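Worksheet for the structure shown next.
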Amino acid sequence: YSTTGATGATFSGLPAGVTGNWAANVVTISGTPTTTVGSPFSYTVTLTGGCGSITATGTITVNPDNSITLTSAPGTDAQTVCVNTAITNITYATTAATGATFSVLPAGVTGNWAANVVTISGTPTTAVGSPFSYTVTLTGGGTCGTLTATGTITVTPNNTITLTSAAGTNAQTVCMNSPIANITYSTTGATGATFSGLPAGVTGSWVANVVTISGTPTTTVGSPFNYTVTLTGGCGVITANGTITVNPLPVINSTQVEPSTCASADGSINITVSGAAGPYTFAWTGPGVNPTSEDQINLTVGNYSVTVTAANGCTATDAVKVTADKT
């Protein structure tokens with residue numbers, strides 16, 4: 001203020017941190033308010049010296065600083081969750097604000113301001129765009145103090161498992177005691193896998209995001225074997241299923257038929273087959289093979305081998321020996 005006639009001035013009603021001064025006919029009010037208590041501050045400047053009781057009045061309104069402070073557990077503002085899993089609620093205490101806006105929250109997660117408390121909650125429905133760096137911006141209360149808070153919500157996608165061996169290897173048929181074609185899957189997100197329903201002699205492993213099922217079935221009991229691979233670690237309950245059918249082998253039984261005369265060294269072998277069902281095919285090797293039927297062969301004295309193939313394609317081989325009759 002400019003003044004005339006006065007030799008000084010007194011000041012009342014100023015907020016703490018703000019002062020008044022008169023010098024060379026100029027009144028100056030300046031400073032930094034350090035409190036809001038008593039706001040608005042209606043001040044009075046009263047001139048001293050000279051003539052009359054002369055005053056000037058005015059108002060200084062001091063708004064409180066906005067503030068936002070994390071009140072949920074440390075780290076909740078930088079958390080990682082699986083997709084479709086609820087986040088741990090994130091809360092902030094605020095002062096001076098009358099509301100808040102929210103940006104870059106994942107779908108399924110929302111923010112709310114009520115009674116000076118910000119709450120971020122919900123269940124992320126997508127991992128696309130993760131990590132989500134969110135911002136809370138206070139509204140109302142002027143433009144004083146801290147107006148924003150930031151944090152991160154990282155949403156991890158569910159594990160995946162995909163067949164990478166040849167199509168159909170996850171639904172294969174083999175003969176007992178014959179190795180299966182290896183079954184492989186690629187995985188993401190997992191740290192391991194468990195296996196159930198595999199036949200004896202067949203095992204599963206998980207290494208470096210690859211599942212491998214391999215081995216040689218040693219039994220047909222329980223066939224077909226419906227197996228399940230369950231991923232462990234990471235997110236979600238993720239499984240893959242398949243079937244290994246183990247067919248039985250034919251079982252060969254041979255009976256030597258005595259020669260018709262004591263002087264003859266020739267005889268025959270009758271073959272019976274159990275286990276795998278027929279019809280059967282027979283293949284002989286050895287000296288003097290002279291087939292008269294598939295399962296009854298006229299043979300000279302010596303060592304022979306017969307291979308039987310069952311209707312299911314499984315085979316068995318047996319050694320047979322023809323000896324001469326006593327003379």
Side-chain angles (χ1 to χ4, degrees), residues 36 39 62-164 184-196 204 206-211 228-242:
T36 63
S39 180
V62 182
N63 287 326
D65 283 344
N66 290 341
S67 67
I68 182 166
T69 305
L70 183 72
T71 53
S72 52
T76 51
D77 58 344
Q79 61 182 284
T80 298
V81 296
C82 295
V83 69
N84 297 323
T85 299
I87 69 168
T88 299
N89 283 6
I90 307 167
T91 59
Y92 297 88
T94 70
T95 59
T98 58
T101 61
F102 303 84
S103 63
V104 198
L105 292 174
V109 174
T110 57
N112 180 64
W113 182 95
N116 288 316
V117 175
V118 164
T119 303
I120 298 174
S121 61
T123 300
T125 58
T126 182
V128 176
S130 180
F132 298 90
S133 298
Y134 68 82
T135 299
V136 182
T137 302
L138 299 184
T139 59
T143 58
C144 300
T146 303
L147 302 178
T148 62
T150 60
T152 303
I153 300 172
T154 301
V155 182
T156 304
N158 282 335
N159 299 341
T160 65
I161 184 167
T162 305
L163 183 71
T164 52
T184 59
Y185 298 87
S186 65
T187 70
T188 62
T191 58
T194 61
F195 303 85
S196 63
W206 181 97
V207 177
N209 288 317
V210 175
V211 165
T228 299
V229 182
T230 303
L231 299 183
T232 58
C235 293
V237 180
I238 307 300
T239 62
N241 302 294

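Keep in mind the model is a prediction, meaning the values are calculated, not measured.
Minimum interatomic distance between Ala127 and Val83 (heavy atoms only, all atoms of both residues): N-CG2, 4.2 Å. Between Gly236 and Asn159, the closest heavy-atom pair is O-ND2, 4.4 Å. Scanning all heavy atoms of the two residues, the minimum distance from Ile238 to Cys235 falls at CG1-O, 4.0 Å. In terms of heavy-atom proximity, Thr191 sits nearest to Trp206 at O-CZ3, 3.4 Å. For Tyr92 against Ala149, the heavy-atom pair with the smallest separation is CE2-CB, 3.8 Å. The two residues Thr239 and Ile161 have their closest heavy-atom pair at O-CG2, 3.8 Å.
Checking Thr125, Thr126, Val155 one by one against Asn84, the side chain to side chain contact (heavy atoms under 4.5 Å, CB included) holds for a single residue, Thr125. Tested against Thr187, the residues Thr164, Thr162, Asn209 include a single side chain to side chain contact (heavy atoms under 4.5 Å, CB included) partner, Asn209.
Remark: side-chain polar atoms of Thr232 are paired, donor with acceptor, to backbone N or O of Gly192 under 3.5 angstrom. The main-chain N or O of Ile87 is never found under 3.5 Å from a side-chain atom of Gln79 such that the two would form a donor-acceptor pair. Although no hydrogens or angles enter the test, the distance criterion places no donor-acceptor pair under 3.5 Å between the side chain of Thr36 and the main chain of Pro64. Judged by distance alone, with hydrogens and angles left aside, the side-chain atoms of Thr95 form a donor-acceptor pair with the main-chain N or O of Ser67 at under 3.5 Å.
The shortest distance between side-chain heavy atoms of Thr228 and Phe195 does not fall below 4.5 Å.
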Checklist entry - Under the side-chain hydrogen bond (donor to acceptor under 3.5 Å, both in side chains) criterion, do Thr154 and Ser130 qualify, and how do the steps go? => result CA-CA 5 Å; Thr154 301; Ser130 180; 4.7 Å; no

Next on the checklist: Between Cys144 and Asn66, is the side chain to side chain contact (heavy atoms under 4.5 Å, CB included) condition met? List the steps.
Outcome noted: CA-CA 6 Å; Cys144 300; Asn66 290 341; 5.5 Å; no

Using distance only, find each side-chain donor-acceptor pair of residues 97-124 under 3.5 Å and give its atom names and separation, not counting sequence neighbours.
residue : atom : partner : partner atom : Å
Thr98   : OG1  : Thr139  : O            : 3.3
Trp113  : NE1  : Thr94   : OG1          : 2.9

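In this model, no donor atom of one side chain and acceptor atom of the other lie less than 3.5 Å apart for Thr135 and Thr148. Checking Thr188 against Thr160 by side-chain atom types alone, a donor-acceptor pair falls below 3.5 Å.
In this structure, the separation between CG on Asn89 and OG on Ser72 is 8.0 Å, given to the nearest 0.5 Å. Expressed to the nearest 0.5 Å, how far OG1 of Thr91 lies from CG of Leu70 amounts to 6.5 Å.
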